[in-house]
Amino acid sequence: MKEEKKDDGVMAEEKPYMFWIWTLASTIFRLFLIFSPANINLSSRPEVSTPHTSLRRLAEGYWLKQSSLSPYAGSMYHGSPLLLSILGPLTVQRIEGQSSHHLCSLVFVIADLLSALLLRAIGQKLQKSYRMNLRPLGVLRSSQDRGILPCGDIAALVYLWNPFTILSCVGLSTSPIENLAVIVSLYGAVTRRVPLAAFGLIMATHLSLYSAPLVFPLIFLLGYGLDAPPIKKFLQTRHGGVETGSTSDVSKQEKLTPTTQLPFSWRTVLHFVFWVLVWSSYVLVLCSLSLKQYGGLEEMFKRTYGFILRIEDLSPNIGVFWYFFAEAFEFSRNYLLIIFNLYILLTSIPSLMFRLKHRPCFLAFAYLAFTSILKSYPSVGDAALYLSLWALFVNELTDMEYSFFIFCGYIGFSLLSPVMHNFWIWRGTGNANFYFGNAMGYACFQFMFVEKSVNAMLNHDQALKKATAEMTKN
Amino acid sequence: MAAVNRDNEEEVKTDDGSPKIKPRPIVRLGIFLIAHSPVFSVVFSAAGVLALLLLPLLAKNTYISENALMPGSARSMLSNRDVSDGSKLVKDIKNFRLNHEGQGVEVQKLIGKYMSDMGAEVSYQKFHPEGNQFHPLHFFSGPDSYTLLENVSCASYGVNVAGIIRAPRGDGKESIVLVTPYDFINGGDYEDLSLGIVSSLFSLLSRVTWLSKDIIWLVADSRYGDYRPVAAWLTEYHSPSFKVSDLLKCDEQNTADNFRRAGTMAAALVLKVDGRSEKFEDTLSIYAEASNGQMPNLDLINVVNYLAVHRQGFYVKVEKVVSLLSSSWLKIFGEIFEAVGKLAHMLNPDWNFGIPAADYLEGSATLASSLYSQALGIPTGPHGAFRDYQVDAITLKVSPRFPPDSKTRQHDFFLRGARLLEGTIRSVNNLLEKFHQSFFLYMLTSPSKFISVGVYMIAFALLVAPLPMVAASLYIDGCKSLTNSTHNPTENFKSWKWLDAAKQVFTLHLLGFIVTLLPYFICQVPGQHSPTNRSIMWGTTSSSLLLITFVTMPGCSPFSSRLHGTNWAILKSVTISAAFIGLCLMSIINFATAEIGALLLVPTCLMAQPIKPALRSRRLKSLLGAFCSIVLLTIGFPVMFFAISKGLLGEGLVGLSLGGEFWTWLESLWAWKSATYLYIGMVHLPCWLLCLCILFHPS
């Protein structure tokens, strides 16, 4: 007992020290890449900057606004007017003797750091909940306590040192801001700070339409609580009572068990809905004021959400829509647009909601991964976000299959993408099929990753259920 | 009673589960391949090497894919008067250089005057010679990355002369480029002849009515090499610099504001004339390789080869490895294939794939030269600069059979050379768009035989096919052994045992990246200009970094205790996966480098095993395997392979030490921004180090 305490103390003292060292190193690495005189022009890479997240387009929109024009004129800028108001002035200010956009890069570094710290807090909450739920399984207590990994630190460092995150931060993409908004909403829900969760959700949806499905895992988080809900304690208590009862009591308990409902905090959810409406109105009023002279909210919705849903910009990216719609006939374009946009809604949201409602944080990961595969203008920043959310569940996903194969596929197709682009654009010996083939391969591996993760999580919960049943029998 | 019930339940579950667990045929095939991966890896590797040896047999005759080219379909309009104009230019240049020994631009002005007399627009361009300073990020930037040097000396610059003939049927949007590199200082007698040939042709083209593309004649100042002036002119042509260069102050002549352009370039021909031919005919050598193994469209070579052989009577050749022509083992292979071909032809007259052994030798020597030139990634002539701008270009080097002062022979030589270029320009003139029909990815086994990407990629695919199979097999074996060795089953991460091995692989790849960047800093060290000293610095610094890595991260070191080390099977699995990814990436960037790299890396990776169990068991099979591993590792080290290939190619060391030679060779790679340099540093060297770690693994 004393030895265990000492071990915990040593680990508690040592690991945060290592965490902060690695965090500081990642910050220094980012600053080195930003201020390095050798500019490898990441901001023009189609993997890093999309028509939706490009800072150069934001600078163009800000210039148009400064010239008393609509920021959406000229089909360059398609982002948030609030983001334009915040980041736009930074794009025109320059540090003495440096190139442009350095202040924006510093903002992105700060956003990455904040995201990592919030991820760490979320992970610590999840880890505490995980340990609390495993403790009633007395047989596995000592070994599991020793084996539980600090998923918060791991997730934060996975986010900070992910090359995708570094590329988005250094490559002048606004993905770090969007990722921060998503993580703020999850943090608010995990710590049951309803106004903060609503604010994060509204900002995330405002910056990127595909964050809207997060409303469902957030409602589950606020209603049911953290992953592995406390209903298991209740069931175990009742089963504990069964052991001392008679056979008639056993039959009564069996009748009662299927009809037991998980406790759902409707009051908190209504509180959340209220704050969502408050923040929505606030944001819409601000946007309306910002675009008063340039068409108002209608123009904003058309140029931002309409741009996303109609897939207007067909320049190449790492998604699978640009090539398909470049080849589609004009008269069938509307039909295909409806099919492709409904595909995200109908194939992922209901089924995953049904199977993973007891795992709201993991449900958020699954939603973000699915939308990052099937969205109109994906970039590596989307992969950075869902990979770090996945790292929050290293303890539950130890039995994930084909992990090495998926890892090699990610590395291979990520390295192959700029090669294929060079083959097509610069050398001229390839063509668009090469780059699209790489995008399809990348999408296949992402699908495999999501599928194996969900399978591993369901298997883990099945194993927990079996362990609980065995404990009841004993 | 309860125990019996439990057993019954388990049996029921098993019976229920067995029909559902049956795998699908493709999964069963995968399991079969993984289970028998040693046999399949040997078979596939042997098949890959055999396919490589069979490539000269599989070469096909070239043909014109683009119908619009129609080579040789028009009678030549070149007349004796045009040739007389060319001869006059050559004579004037010779007389001028005999009478004036200054280093001014008088010869350029003379050539420019001739161009303007023929009705062309003349422009001059100054450029400065750029040193081969190693900058690590040049690999990742585009062709517009030339940086203006700060201190430009007025005593060291060159002047290009360009004349443009506007096409009567054109709209100024397309052009054909003729380049004649000419050393205005040290040019020999034969170099003048290239000016004569193109001048004759220029005289004709300035008067014809069928031109639909502008003609640009660039006389490149090749006093600092023939690639640099062409690259500088192309940079100015495509990406004009708005900075006022200091070169403008070097002379009274202002060349900044009259640079002429003529639209996109459909094709480019570089013409050089050098020493006497060894044959009884005039010899034409074709050089086609551009940077990183890129080749021009095959139709361009087909047109030139067709016109040269069938219209002008040149003997056309491409580069070959001469030492292979006297190779006895290759001759044996040729005779075997010839015998098999004859046998097949007797059995079925339609099977006609046999070729004589002499042709096989020629094809193999040419193929080897093509592979080596593409693998180096260095252009074989000034035509390589055009490929950076997606312009198809080749260099034609003509070797006349007569001495340089023979007037009658010179006249005939001018006539045939100019007619060859005229026919080529006529064909390119017919194009409505850029070359796109024929192959861009091919290798030549003779001027009229080629192997396309669909054929030679089979050899590469067979070579690397064992890698994923063996990686999967080793991964499964490594996981099983780790599971058995762990005391507490609940602490197993069933699917994540590869993380430690991946950490080691990543660390050594990071070390390879750092070693690749080290020459940049070594070149900054003042006072150490000797290649030998620089290579020694590079070697010692890299070794120190490796030792530091092993000390700071015990898990990455093969000399640590057994507790720290990872399972060697999983380490080998991850190493093989990394090699597979690197080779596949390189096969797209530069196939020839990937092919040679696969020949070295695949046997090394597959044969690598810990040497201690082999020495412990003392079985002949294990000892033989360990010996093969050591031999392959020795051959696979980049410096050692460089020395062996030098010896095989018949070139000895030229006074420098082995390290100095290797450094000079690497300098040429990075000076030309060859991806082969990145491959050696970031794929080959880390995988070699990892195989070394596996060899000395304390298992």
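Everything quoted here is computed from the prediction, not taken from an experiment. The chains referred to below are lettered A, B, ... by the order of the sequence lines, with proteins before strands, and numbering in each begins at 1. Only this structure's heavy atoms are used, side chains among them; waters, hydrogens and symmetry mates stay out.
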Does atom [atom1] of [X] have more than 12 heavy-atom neighbours, drawn from other residues, nucleotides or ligands, at distances under 6.0 Å?
X: Phe447(A); atom1: CZ; answer: yes
X: Phe405(A); atom1: CZ; answer: no
X: Phe407(A); atom1: CZ; answer: no
X: Phe506(B); atom1: CZ; answer: no

Heavy-atom contact with chain B under 4.5 Å, split by part of Ile425(A):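 It is the backbone, since no side chain atom gets that close.
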
Need one label for Leu499(B): side chain, backbone, both or neither, based on atoms under 4.5 Å from any heavy atom in chain A. neither

Chain A heavy atoms under 4.5 Å from Asn297(B): which part of the residue, side chain, backbone, both or neither? neither

Gap between atom CD1 of Ile588(B) and atom CG of Leu416(A) - 0.5 Å precision: 4.5 Å

Please work out which of the three classes, parallel, tilted or perpendicular, describes the rings of Phe404(A) and Trp498(B), given edges at 30° and 60°. tilted

For Phe580(B) and Cys408(A), what are the C-alpha separation, side-chain angles and deciding distance, and is it a side-chain contact (heavy atoms from CB on, under 4.5 Å)? CA-CA 10 Å; Phe580(B) 181 71; Cys408(A) 289; over 6 Å; no

